[in-house]
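Step one of this worksheet: look at the structure below.
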2 protein chains.
Amino acid sequence: MSSSLKDVAARAGVSARTVSNVVNGSARVAPETRRRVQEAIEELGYRPNLAARSLRAGRTGIVGLAIPELHSPYFAELAGLLVDEARRRSWTVVIDQTRGDAEAERRLLTGDGGRVMDGLIISPWALPAEDITAAARPLPVVLLGERSPQGLADRVAVDNVAAAEEATAHLLSLGRRRVAAIGLQPHLRNGTAELRAEGYRAALRRAGITPRPEWERPVPALHRADGARAMAELLDTGAEPDAVFAFSDELALGALHTAHVRGLRVPEDVAVVGFDDIEDGRFGRPTLTTVSPDKGQIAARALQCLADRVYSPRNDVPAADLTVPHRLVVRASTGG
Amino acid sequence: MSSSLKDVAARAGVSARTVSNVVNGSARVAPETRRRVQEAIEELGYRPNLAARSLRAGRTGIVGLAIPELHSPYFAELAGLLVDEARRRSWTVVIDQTRGDAEAERRLLTGDGGRVMDGLIISPWALPAEDITAAARPLPVVLLGERSPQGLADRVAVDNVAAAEEATAHLLSLGRRRVAAIGLQPHLRNGTAELRAEGYRAALRRAGITPRPEWERPVPALHRADGARAMAELLDTGAEPDAVFAFSDELALGALHTAHVRGLRVPEDVAVVGFDDIEDGRFGRPTLTTVSPDKGQIAARALQCLADRVYSPRNDVPAADLTVPHRLVVRASTGG
DNA sequence: TTGAAAGCGCTAACAC
DNA sequence: GTGTTAGCGCTTTCAA
């Protein structure tokens, strides 16, 4: 077994209190005493036990991150930024995947995990915000990209409606008129896809085009394969789109794949815009036009929100609703 | 503050012991008593404090995963599988990114993190195995894809030499003779790139071809941009390769990008093979031939190793050295 | 400046 | 089947 603070104290001929002071640099300690203690620590290979420290402090220094899939480039990139940002604050991140499963999201909150974390950053998928915050209570929660929590919890997201509108307007500005949308998820409760659909339709209407149901393709998930399938359906049902707005880059890349297989030229025959700005899109063929959310800011702000709540003595700070900037990055898939 | 086991006991009119039994389902409890306790738990919203439980048990139920970058598709996918596998064992995973920084790798082991984890799975980058296991002691460590730990720690990896040899042999079997390699990393200490280079050269020699230094391109990192640059250098220096073996799919995708920009046809002018079998490769243009390691098995075995050590009373179990299967997946980039 | 000791919330050995 | 209690390793109040 490894040695404890008591062992160090005994070895250095001082009390536990003094060792604790040395380790934390808290109170003033006589230089000679400090030296002796340091020496004992070294010799015994002592390392403080975090469980004990957490028990005392009532905090664990661990913040949870719950995302649908680590596997997805967008979430992986975001998770990476969050981990970096957390380290800057001396926090550790535990990552959980919900795999788009409502039960998994709930279990995450009610299960053991709920007690080991000081707070949770969650990108909801299957559950609506109300359920999540209710299940988490009293754990501080930050929602990523969720619709209308109505002051239930802090929230950080891009303006999905505006971003989708811009993306669609860009396609229309190229003279395209039959603009399809890939990525609706009517079976989900998180609302993100619905917001993007709203923006898409708004842009069409503003250009004097009536949105048509056959232009809107739902998908079961957001993988390349789903985008490829949706694109194939779009072509098979005779919608004859001359442009496609995919609600994620992965879907867009799948759509590009199908377009290529079917002998369509991009952007000449079909222009394509994605959402997320993942690295694959920058090196795909053709390179992908996309909506780029400021992921660094999402990470920074989410952790700031959490820090405010965990360290704040007051419980009644109103829920923040932060909108993070985005920009349209035009590349080859729309002739950029 | 949230309520403790004692509060529940008081409310249910039983002792702490009984509540503990109910929570853990350990000893037998009278049905009526159980009901009362459950009710009290419900009413108070009681949740066990994991810090206290850890302190008691001497274990935290947390296993660390240290990878160079979450951002990279290969590691993201692997991390996802490890998280799933960990959940199956009721373990929580904390993920740390080393960003290829030796100092970060060391700090991870000597810092606070070392005390909160029951064990660590690490994909080393900058530090050699000896340093890692030394710094981690007495924390159980599993190395992923590292060269020759010589019994220092458990290790799980594919047979890099054999896999690289197969990939190269595949290119040679297509009649290619000027087979280049992208992805050497002489500045790193983890050895993986060197093993793949060995396999690459061995295959060339077996085909009666003398490996040439100008065919081997080093890279600072394994991103698409590095692959793109390496490919450009290869073309600019007049090596005139008719095939390229990239040590990772990301590098390969970057190389494909450059080939396209330079007007080279793949596979007609240059055939390309990658390594990792990430999802992007399956939907790229052209689709990418690659070496596919069994990632599920890497995840499962790594956790099995850790479980054996954490739960094993004996300290002298010899270090395991597990080789995970791989297979060559032939796709369009080599005419498959 | 340092020591003694209480107690964070939980589990389990020991009683009954 | 249930109660009592010691103690995991640490921080911190109170004394000295």
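First the proteins, then the strands, lettered A, B, ... as listed; each starts at 1.
Remark: B/R53 is in phosphate contact with C/dT11, judged by side-chain N or O atoms under 4.0 Å from OP1 or OP2. Residue A/S20 places none of its side-chain N or O atoms closer than 4.0 Å to OP1 or OP2 of D/dC10. Of the side-chain N and O atoms in A/T33, none sit less than 4.0 angstrom from OP1 or OP2 of C/dT1.
Residues forming a side chain to side chain donor-acceptor pair (under 3.5 Å) with A/E43 (at least two apart in sequence, or on another chain): A/R11.
In this entry the distance linking CD1 of A/I41 with C1' of D/dC10 reads 13 Å, nearest Å. The CZ-C1' distance, from A/R56 to C/dC10, rounds to 16 Å in whole Å. Protein atom CG of B/L55 is 12 Å distant from nucleotide atom P of C/dC10, rounded to whole Å. Rounded to whole Å, atom P of D/dT11 lies 12 Å from atom CZ of A/R59. To the nearest angstrom, P of C/dC10 lies 13 Å from CZ of B/R47. In this entry the distance linking CG of B/N49 with P of D/dC10 reads 17 Å, nearest Å.
Contact check on A/D96 versus B/R87 returns a salt bridge, with a Lys/Arg side-chain nitrogen under 4.0 Å from an Asp/Glu carboxylate oxygen. The pair A/R88-A/E85 counts as a salt bridge, with a side-chain nitrogen and a carboxylate oxygen less than 4.0 angstrom apart.
Applying side-chain contact (heavy atoms from CB on, under 4.5 Å) to A/I121 and the options A/I298, A/L65, A/I95, A/V156 leaves one that passes, A/L65.
Of all non-hydrogen atoms in A/L303 and A/A86, the two that sit nearest each other are CD1-N, 3.4 Å.
Nearest-nucleotide positions on DNA chain D for B/A30 and A/N24 put B/A30 closer to the 5' end.
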> Is there a side-chain contact (heavy atoms from CB on, under 4.5 Å) between A/Q185 and A/H187 once you walk through the steps?
Replying inline: CA-CA 5 Å; A/Q185 305 195 277; A/H187 60 295; 3.8 Å; yes

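Of the residues in residues 5-18 of chain A, those with a non-hydrogen atom less than 4.0 angstrom from any atom of DNA chain D are A/L5, A/R17.
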